Amino acid sequence: MFSILKSKKNKGKEYVSCRFLQGGITFMHKAFRVCCSNKLGITFVDNYKGENINWKKIQKERTKIIQNCENGVLPTNCIGCVELEKKIWNDNKLIDDIYINHWDNCNCGCIYCIASEHTQFLQTKKTSGRYYAVYPHIKQLYKKNMVSKNAHIELVGGDLTVLDEADKIINLCLDYGVGRMSFHSSCIYYSQGIERALKEVPTDMDFSLDCGDSNLYKKIKRIDAYDQVINNIKKYLNCSEKASNALIAKYIIV
């Protein structure tokens, strides 16, 4: 009987929180946040320009936020967020969701792009993000043993194939161990980093084919690269048996 009571005690109590509040970080263009969800959550550093991050201070602030959640007090910015759920949360104190969304350069020029006012379109060469570099921060996190081996890493963008540090970030995460990786790409250019992820870990990638016709593709994407994309998709599919369940074609209705 006592062992049953003990297990119930260790189980903890249910409270409302989300996976990002518990262990998420998001690198945005000019901010360092807990997430990029519909309510934008907690902003750890605003007007961020890539300066050194005091991870001890960040995690201390996170601990305080979680304690408030346990007492039924949610951050104002999180109220009404779609990510909130009530359950018993694991107290692992490790980062297990990393979203990388600090650049917006792209190799096409989609007519529907919401970043059309500030994005640099039709990039043909790899370039650094014009805000700051993320790779040194991810490397520091791993060296400090702050990232879970089951972490989910997602690269958003922009298109990662024109970000000079993208493959370095992917390889770093794979070298240290990661639970799942997610990517978003036009697939106009091929990524060796994505290929390695498809071979080694659970991976998902949506690619913006947008239509099934090369002429229409040219109108939507403002670049003649339909056949190039199809060839790259075939290459991804052939690199791993798991790839057929990992790739998601995105179509649009205009």
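Here the structure is a predicted model, which means the values were calculated and not measured.
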Would you please test I111 and K219 for side-chain contact (heavy atoms from CB on, under 4.5 Å) and show each step?
CA-CA 8 Å; I111 60 173; K219 291 179 182 179; over 6 Å; no
Side chain K13, main chain E70, donor-acceptor under 3.5 Å:
yes
Are I58 and I153 connected into the same hydrophobic cluster when the rule is that any two of I, L, V, M, F, W, Y join if their side-chain heavy atoms are below 4.5 Å apart?
yes
Atom pair NE2/CD1 of H137 and I100 - distance to nearest 0.5 Å
11.0 Å
Between C69 and V16, is any pair of side-chain heavy atoms under 4.5 Å apart?
no
Quick one about D175 and Y142 (side-chain donor to acceptor, distance below 3.5 Å, no hydrogens or angles considered), yes or no?
no
Measuring from L94:CG to N150:CG, what's the distance to the nearest 0.5 Å?
10.0 Å
Side-chain heavy-atom pair I25, R62 within 4.5 angstrom cut-off:
yes
Can you see which heavy atom on C36 is nearest to which on T26, and at what distance?
N-OG1, 3.8 Å
Classify the ring geometry between F32 and W55 as parallel (under 30°), tilted (30 to 60°) or perpendicular (over 60°).
perpendicular
Same cluster or not: are V34 and V82 linked, directly or through other Ile, Leu, Val, Met, Phe, Trp or Tyr residues, by side-chain heavy atoms under 4.5 angstrom apart?
no
Report yes if the side chains of L174 and M181 come closer than 4.5 Å at any heavy-atom pair, otherwise no.
yes
Please determine whether side-chain contact (heavy atoms from CB on, under 4.5 Å) holds for the pair N215 and Y226, giving the CA-CA distance in whole Å, both sets of side-chain angles, and the decisive distance to 0.1 Å.
CA-CA 8 Å; N215 289 324; Y226 183 83; over 6 Å; no
Distance check, rounded to the nearest 0.5 Å: N238 atom CG versus E195 atom CD?
10.0 Å
Please indicate whether K30 has more than 12 foreign heavy atoms, meaning atoms of other residues, nucleotides or ligands, lying under 6.0 Å from its NZ.
no
Quick one: closest heavy-atom pair of F183 and L160, and the distance?
CD2-CD2, 3.6 Å
What verdict does the side-chain contact (heavy atoms from CB on, under 4.5 Å) test give for F121 and K221, after you've listed the backbone C-alpha separation in whole Å, the side-chain angles of each residue and the deciding distance to 0.1 Å?
CA-CA 10 Å; F121 290 127; K221 315 293 284 188; over 6 Å; no
Which heavy atom of A197 sits nearest a heavy atom of T203, and at what distance?
O-OG1, 3.0 Å
Are V229 and I248 connected into the same hydrophobic cluster when the rule is that any two of I, L, V, M, F, W, Y join if their side-chain heavy atoms are below 4.5 Å apart?
no
Are L122 and V162 connected, step by step, through hydrophobic side chains (Ile, Leu, Val, Met, Phe, Trp, Tyr) whose heavy atoms are closer than 4.5 Å?
yes
Donor-acceptor pair, side chain of K93 and main chain of M146, under 3.5 angstrom
no
Do I233 and L209 have side chains that approach each other closer than 4.5 Å (heavy atoms only, starting at C-beta)?
no
Return yes if some donor-acceptor pair links the side-chain N/O of T43 with the main-chain N/O of D46 below 3.5 Å, else return no.
no
Aromatic centroids of F20 and Y99 separated by under 6.0 Å:
yes
Between W89 (side chain only) and Y15 (backbone N and O only), is there a donor and an acceptor less than 3.5 Å apart?
yes
N71 CG: over 12 foreign heavy atoms closer than 6.0 Å
yes
Look at atom CG of N171 and say whether more than 12 heavy atoms of other residues, nucleotides or ligands are closer to it than 6.0 Å.
yes
Other residues, nucleotides, ligands: >12 heavy atoms within 6.0 Å of K242 NZ
yes
Is there a donor-acceptor contact under 3.5 Å from the side chain of Q123 to the main chain of N105?
no
Would the distance check show the side chain of D159 and the main-chain N or O of N107 forming a donor-acceptor pair, the cut-off being under 3.5 Å?
no
Heavy-atom side-chain proximity of K250 to D210 below 4.5 angstrom
yes
Spatial distance of atom NZ (K218) from atom SG (C211) [nearest 0.5 Å]:
11.5 Å
Nearest non-hydrogen partners of I42 and P75, listed with the distance:
CD1-CB, 3.5 Å
Counting N and O atoms only, with roles assigned by atom type, does the side chain of S185 sit under 3.5 Å from a partner on the main chain of C187, one being a donor and the other an acceptor?
yes
Would a 4.5 Å heavy-atom cut-off, applied to side chains only, mark S128 and E165 as touching?
no
If you count every heavy atom of other residues, nucleotides or ligands that lies below 6.0 Å from E241 atom CD, does the total exceed 12?
no
Okay, side chain of R222, backbone of C108: is any donor-acceptor separation there less than 3.5 Å?
no
Go through the steps to decide whether D167 and S191 satisfy the test side-chain contact (heavy atoms from CB on, under 4.5 Å), and finish with yes or no.
CA-CA 7 Å; D167 279 2; S191 166; 3.1 Å; yes
CD1 on I252 to CD1 on I220, rounded to 0.5 Å
4.5 Å
Any donor-acceptor N/O pair, R130 side chain to D104 backbone, under 3.5 Å
no
Are E61 and K57 close enough, and set up right, to give a salt bridge (Lys or Arg N to Asp or Glu O under 4.0 Å), and what steps lead you there?
CA-CA 6 Å; E61 185 176 342; K57 181 181 178 182; over 6 Å; no
Donor-acceptor side-chain pairing of Q22 and R19 below 3.5 angstrom:
no
Under 3.5 Å, side chain of Q228 to main-chain N/O of I188, donor-acceptor pair present?
yes
Would you say that M205 contacts Y236 through its side chain, given a criterion of any heavy-atom pair below 4.5 Å between the two side chains?
yes
For the residue pair H102 and Y131, is the inter-centroid distance of their aromatic rings smaller than 6.0 Å?
no
Rounded to the nearest 0.5 Å, how far apart are NZ of K86 and OG of S17?
13.0 Å
Taking all heavy atoms of E83 and all of S37, pick out the closest pair and write down the distance.
CG-OG, 3.3 Å
For L163 and G129, work out which heavy atoms get closest and say how close.
CD1-N, 3.6 Å
May I ask whether M28 and I95 are part of the same hydrophobic cluster, defined by side-chain heavy atoms of I, L, V, M, F, W, Y residues being less than 4.5 angstrom apart, directly or through others?
no
